[in-house]
Amino acid sequence: MCRTIGILGGMGPYATVDLFQKIVMNTPAQVDQDHLKILIYNNPKIPPRVLGVNRPSNSPKSELINSALLLQQAGADFIIMPCHTAHIWFNDVKNEISIPFYSMVENTVQAVSLEYKNLENKKIVLLATETTVNSELYQKAFDNTPFQIIVPNLREQKIIDHAIKNVKGGKKNKQSLGRVNEIINAYHQKGVSKLLGCCTEIPLMFPYFNTESEMIDPTLLLAKMAIKKVK
């Protein structure tokens, strides 16, 4: 029996579409029936994750839990969530449902640790929202690995957050993307030749970057993991 994937989405909608597309694109299928069953709850009304951290009264926790329960009741066999920052409340949600909830953060760490275990240079620059960076989700997740997570400085972080905001608004601003590209290439010149796109809007920028740095896409890693979990 083919298991059903549940996607807790809407944070943001473009990132949700990106995950869905990557699952479809990476599923070995010759006909419609070879594809996977997927339930998507695109809930853009979940409160902003940054507000939930800065102002507990605006926490997205209850809406995240309700969204997960809806997917469970609709028939999902397990849930994945294409929003890195929302993983601040991952355990809160996991504790309220009875089906598996797989962490995008944990999956990224496991996949990177396996794929790049033989690399000598294990420095990786983290491109994410300010909230994700400040929460240290990824810094802590990589703690017990040989990888060194490099965090952008405050000036660079403002540029990255601005570019993320543009993508959420459906804009591919050339100037904004170019400034992020400059940051990536500056780190490459310092010997940091890999980057982690740990906001789900960051991989949507990848096609617009001109860089020799290797761009690691956690959304793609999550899609590939979900495909394996169905079997």
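Between Arg3 and Asp77, the shortest heavy-atom contact is CA-OD2, 3.3 Å. Residues Tyr14 and Val167 approach most closely at CD1-O, 3.7 Å, considering heavy atoms.
Placement of Val125 and Tyr208 within a single hydrophobic cluster is found when ILVMFWY residues are connected by side-chain heavy-atom separations under 4.5 Å, directly or transitively.
Thr219 and Thr200 form no side-chain donor-acceptor contact under 3.5 Å, judged by distance and modelled atom types alone. A donor atom on one side chain and an acceptor atom on the other are not found under 3.5 Å apart for Thr145 and Ser113. For Glu156 and Tyr187, the side-chain atoms include at least one donor-acceptor pair closer than 3.5 Å.
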Please walk me through it: do Ile150 and Leu126 pass side-chain contact (heavy atoms from CB on, under 4.5 Å)?
CA-CA 6 Å; Ile150 308 299; Leu126 176 67; over 6 Å; no

side-chain contact (heavy atoms from CB on, under 4.5 Å) between Asn181 and Thr211, worked out
CA-CA 7 Å; Asn181 202 149; Thr211 182; 4.2 Å; yes

What do the steps show when you test Ile124 against Gln148 for side-chain contact (heavy atoms from CB on, under 4.5 Å), and what is the final call?
CA-CA 6 Å; Ile124 304 175; Gln148 182 181 353; over 6 Å; no

Under the side-chain contact (heavy atoms from CB on, under 4.5 Å) rule, what do Gln110 and Leu114 come out as? Steps first, then yes or no, please.
CA-CA 6 Å; Gln110 291 170 6; Leu114 183 63; over 6 Å; no

Please evaluate residues Thr132 and Thr129 with respect to the criterion side chain to side chain donor-acceptor pair (under 3.5 Å), reporting the C-alpha separation (whole Å), side-chain torsions for both, the decisive distance (0.1 Å), and the verdict.
CA-CA 5 Å; Thr132 298; Thr129 64; 2.9 Å; yes

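The distance from the CE atom of Met81 to the CG atom of Leu64 is 6.0 Å, given to the nearest 0.5 Å. Here Ile5 contributes atom CD1 and Ile40 contributes atom CD1; the two are 9.5 Å apart, rounded to the nearest 0.5 Å. Of the inter-residue distances, the one linking Ser193 atom OG with His188 atom NE2 reads 5.5 Å to the nearest 0.5 angstrom. Rounded to the nearest 0.5 Å, atoms NZ (Lys61) and CD (Glu63) are 13.5 Å apart. Atom CD1 in Ile159 sits 4.0 Å away from atom CD1 in Ile183 (nearest 0.5 Å). With rounding to the nearest 0.5 angstrom, the OG1 atom of Thr108 is 8.5 Å from the CE atom of Met225.
Side chains of Arg179 and Ile160 form no contact here, defined as non-hydrogen atoms less than 4.5 Å apart. By the 4.5 Å heavy-atom criterion applied to side chains, Ile7 and Tyr41 are not counted as neighbours. Leu39 is not listed as a side-chain neighbour of Ile79, based on a closest heavy-atom distance of 4.5 Å or more. Looking at Leu137 and Ile88, their side chains come closer than 4.5 Å, going by heavy atoms from C-beta outward. Side-chain contact check for Pro82 versus Met11: every heavy-atom pair is 4.5 Å or farther apart. Side-chain contact between Ile99 and Ile97 is present, with heavy atoms from C-beta onward closer than 4.5 Å. Side-chain contact between Ser67 and Ile46 is present, with at least one heavy-atom pair separated by less than 4.5 Å. Cys198 places a side-chain heavy atom less than 4.5 Å from the side chain of Pro218.
Exactly one residue among Leu127, Leu196, Ile216 makes a side chain to side chain contact (heavy atoms under 4.5 Å, CB included) with Ile202. That residue is Leu127.
Using a distance-only test at 3.5 Å, with no hydrogens or angles considered, no donor-acceptor pair links the side chain of Asn43 to the main chain of Gly10. Arg155 places no side-chain N or O within 3.5 Å of a backbone atom of Asn153 that could act as its donor or acceptor partner. Side-chain atoms of Lys171 do not come within 3.5 Å of backbone N or O of Lys165 as any donor-acceptor pair. Asn185 places a side-chain N or O within donor-acceptor distance of the main-chain N or O of Asn210, the cut-off being under 3.5 Å. Side chain of Asp34 to backbone of Val31: a donor-acceptor contact under 3.5 angstrom is found. Between the side chain of Asp161 and the backbone N or O of Glu130 there is at least one donor-acceptor pair closer than 3.5 Å. In terms of modelled atom types and a separation under 3.5 Å, the side chain of Asn107 and the main chain of Leu221 share a donor-acceptor contact. A donor-acceptor pair under 3.5 Å is formed between the side chain of Gln157 and the backbone N or O of Ala128. Listed for the Asp18 side chain is no donor-acceptor partner under 3.5 Å among the backbone atoms of Leu204.
In this structure, Tyr102 has its ring center closer than 6.0 angstrom to the ring center of Phe78.
Asn95 CG: more than 12 foreign heavy atoms inside a 6.0 Å radius. Heavy-atom contacts from other residues, nucleotides or ligands closer than 6.0 Å to OH of Tyr116 number more than 12. In the displayed structure, Lys168 atom NZ is contacted under 6.0 Å by more than 12 heavy atoms of other residues, nucleotides or ligands. Residue-environment remark: NZ (Lys122) exceeds the threshold of 12 foreign heavy atoms within 6.0 Å.
By the 30° and 60° cut-offs, the orientation of the rings of Phe90 relative to His87 is parallel.
For the pair Lys123 and Phe147, the cation-pi test (distance below 6.0 Å, angle within 45°) is failed.
A salt bridge (Lys or Arg N to Asp or Glu O under 4.0 Å) check over residues 206-217, counting only residues at least two apart or in different chains, returns the pairs Lys22-Asp217, Lys194-Glu214.
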